[in-house]
Number of protein chains: 2
Amino acid sequence: MELRQLRYLVTIAETGNLGRAAERLFVSQPALSQTVRALEHELGVRLFDRHPGGVSPTAVGRDVVEAARRTLAAAEGVRAAAARVLRVGFEASGAGDLTSRVRAEFARRHPEARLEPKRYDWGGETAALHAGLVDVAFVWLPADLTGLAHEIVHREPRVVGLPEGHRLAGRAALTVMDVSDEPLMWTERAPREWVDWWAVNPRPDGSAPKWGPTNDNVEEMLDQVADGVAICFGPASMARYYTRPGLVWVPLADAEPLRVALAWPAGSANPLVAAFVAVVRELSRP
Amino acid sequence: MELRQLRYLVTIAETGNLGRAAERLFVSQPALSQTVRALEHELGVRLFDRHPGGVSPTAVGRDVVEAARRTLAAAEGVRAAAARVLRVGFEASGAGDLTSRVRAEFARRHPEARLEPKRYDWGGETAALHAGLVDVAFVWLPADLTGLAHEIVHREPRVVGLPEGHRLAGRAALTVMDVSDEPLMWTERAPREWVDWWAVNPRPDGSAPKWGPTNDNVEEMLDQVADGVAICFGPASMARYYTRPGLVWVPLADAEPLRVALAWPAGSANPLVAAFVAVVRELSRP
DNA sequence: TGCGATCATAAGCGCGGCTTATCGCCCGGC
DNA sequence: GCCGGGCGATAAGCCGCGCTTATGATCGCA
């Protein structure tokens, strides 16, 4: 078994078609035929069912492909270790100012290392951590942190994003009930719990939010808010980091503030992770 | 980068010597010279310092080797997924009867799968979990379970192992203070916390145990107890699973019972793990 | 100073994985 | 009912890569 074979395997599973996979991998189709056969022989199980129209993984094949993905992610970890790269995941405005302060301080202390910030869609930083795509992440809570070491490093109040000219856009502050009748942006990407927390569901009076359109990330969300189709909630730093014509931010007075955790794989022996955690811990102390 | 190269890398780091590594890998020494050079070139960093007498990893090299180990463990996971093998770690008598009941029920429900019980030395099941050498394990608490999902599935009272003919061997039950003056077996393998918990350190009166010889695993421990050089503590199931001439077990009345957790890597998408957890959960309900 | 480690380099070879060419199969359209 | 297109499998040949053996360079040590 070699990484090359696992790379082929994953691509084949993704395309469901040897020809297209071959194209994407810049090899010929028979090379893949051969690789699949060799792997199936080595592992002693059929990995794909062949039919005219393509291939589809068997039950075992699905598990094997999943394990192959993990192995390839681990191999990327070898590259990252060699490059002294620390891959830091976050979403939207992350942990606000803390993020940039940490970056500066970390660069000062570890000039040999390189930070690689990776932005994800709503809730994506948690998945990236679990999949080994980042070494450490600023995670917006609530999130599933099982299997991850973590500590809360940042809190910030929430704000409401409104289209310019909205009847509430001039207010100095708003309450959740003030915006109860407004359609609220939400996402299918993040877990239910995350969505409910952001939407303050249920509302103080027990009612449910009025759900508006869905979106996958901050840009998409803000575009739609600026278009006037709905409003959104966000952390205060979002108002400082993202702006666009037609968008107005107003403090949300009575909602629980966002808590941001720094999280990393629990068993992580990566010394850069430890160094990064140390810096964040230090700078997050008020 | 290929798995072959990572395998070589790890072996080289383990032997600290290209020649011996080559011997162990059944290749010639220049093949390793070449591989190291190729990897160093690909990753863009020096991985080993060469000196007459051998090679030693650089700072980056150490991290890379560690990452390589993880990758190889992940690759073993591919094999395990293909073989529908669930590698179950435990130490000594594991979770007692529960273990065999679970095995039977799991085999009944998943005839296509195969359980592969892996016995480890004291405290070793936790390390094996972290290293990806097993998919799931029965862990004797206390243990470092950060990064692992876990739940307590079993409890059992403790017993004292004594040499036959010992002055306390005939008693129906003993207290910790009864055996206070006896040299007690212990181990350097497991974390300090583990050792102290087993030794009931400090004793009810605040004193420390009288430390006897060390040992690495249950067989070694019981041999020495049977020889009369020391006594030992263990869970009740140890008295049922391990016996030998010259060894007597007596209940230990006043010590906290052993708690056994089922633990597995938190992000584990392996469906066999989920199935195993379900069976254990079910059978462990009283 | 010479010997015995070590790793590096050089040269040649053989295998494995690639390529192109082709086949067999199934389906869908006419 | 037949033909054509798309699929994966097979065959044959080639070529690069990673191995081997042989040798060199360097250092520590007696």
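Side chains included, hydrogens not; waters and symmetry mates left out as well; all remaining heavy atoms used. Since the model is a prediction, treat every value here as computed from it, not as a measurement. Proteins get letters first, then strands, A, B, ... in listed order; numbering begins at 1 in each.
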Participant: What's the CG-C1' distance between A:L39 and C:dG16, to the nearest Å?
Facilitator: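 After rounding, the gap between these two atoms is 15 Å.
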Participant: Listed by chain and number, what are the side-chain hydrogen bond (donor to acceptor under 3.5 Å, both in side chains) partners of B:E220, not counting sequence neighbours?
Facilitator: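 side-chain hydrogen bond (donor to acceptor under 3.5 Å, both in side chains) list for B:E220, sorted by chain: empty.
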Participant: Separation of A:L3 atom CG from C:dG17 atom P, in whole Å?
Facilitator: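 Between P of C:dG17 and CG of A:L3: 14 Å.
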Participant: Answer yes when A:E105 and A:R109 have at least one side-chain N-carboxylate O distance shorter than 4.0 Å, and no when they do not.
Facilitator: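 Looking at A:E105 and A:R109, the cut-off is met.
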Participant: Output the rounded distance in Å from NE2 (A:H51) to C1' (C:dG24).
Facilitator: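 The answer, rounded to whole Å, is 18 Å.
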Participant: Got a sec, which pairs hit salt bridge (Lys or Arg N to Asp or Glu O under 4.0 Å) with one end in residues 9-21 of chain A, sequence neighbours left out?
Facilitator: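 Checked against salt bridge (Lys or Arg N to Asp or Glu O under 4.0 Å) - neighbours excluded - the pairs reaching residues 9-21 of chain A are A:E14-A:R24, A:E14-A:R69.
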Participant: Mind calculating the distance between CD (A:E2) and P (C:dC18) to the nearest angstrom?
Facilitator: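 Rounded to the whole Å, the gap is 12 Å.
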Participant: Over 60° means perpendicular and under 30° means parallel, so tell me whether A:W140 and A:W194 are parallel, tilted or perpendicular.
Facilitator: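 A:W140 and A:W194: parallel rings.
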Participant: Please report the distance, rounded to the nearest Å, between NE2 in B:H41 and C1' in C:dA8.
Facilitator: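 Rounded to whole Å, this separation is 17 Å.
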Participant: Of all residues at least two apart in sequence or in a different chain, which pass the salt bridge (Lys or Arg N to Asp or Glu O under 4.0 Å) check with A:E23?
Facilitator: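 With sequence neighbours excluded, A:E23 shows a salt bridge (Lys or Arg N to Asp or Glu O under 4.0 Å) to no residue whatsoever.
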Participant: According to a strict under-4.0 Å criterion, is B:N17 in side-chain N/O contact with OP1 or OP2 of C:dA5?
Facilitator: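 So the side-chain polar atoms of B:N17 never come under 4.0 Å of the phosphate oxygens OP1 or OP2 of C:dA5.
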Participant: I'd like a list of close polar pairs between nucleotides 11-19 of chain D and the protein, N/O only, cut-off under 3.5 Å.
Facilitator:
unit_1 : atom_1 : unit_2 : atom_2 : d
D:dC19 : OP1    : B:Y8   : OH     : 2.8

Participant: Any side-chain N or O of A:R50 below 4.0 angstrom from OP1/OP2 of D:dA9?
Facilitator: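 The answer is yes; a side-chain N or O of A:R50 sits under 4.0 Å from OP1 or OP2.
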Participant: Check the distance between C:dC18's P and A:L18's CG and give it to me in whole angstrom.
Facilitator: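 To the nearest whole Å, that distance equals 13 Å.
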Participant: Taking 4.0 Å as the cut-off, does a side-chain nitrogen or oxygen of B:R20 come that near to OP1 or OP2 on C:dT6?
Facilitator: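 Answer is yes, contact under 4.0 Å.
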Participant: For B:E42, enumerate each residue passing the side-chain hydrogen bond (donor to acceptor under 3.5 Å, both in side chains) test, keeping only those at least two apart in sequence or located in another chain.
Facilitator: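 side-chain hydrogen bond (donor to acceptor under 3.5 Å, both in side chains) list for B:E42, sorted by chain: A:R79.
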Participant: How close or far is atom P of D:dG24 from atom CD of B:Q29, stated in whole angstroms?
Facilitator: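 Checked: the CD to P distance equals 15 Å.
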Participant: Listed by chain and number, what are the side-chain contact (heavy atoms from CB on, under 4.5 Å) partners of A:E188, not counting sequence neighbours?
Facilitator: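 Scan of A:E188 (side-chain contact (heavy atoms from CB on, under 4.5 Å), adjacent residues dropped) gives A:W186, A:T214.
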Participant: Do the side-chain N or O atoms of A:S33 get closer than 4.0 angstrom to the phosphate oxygens (OP1, OP2) of D:dG8?
Facilitator: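 False: A:S33 side-chain N/O out of range (4.0 Å or more) of D:dG8 OP1/OP2.
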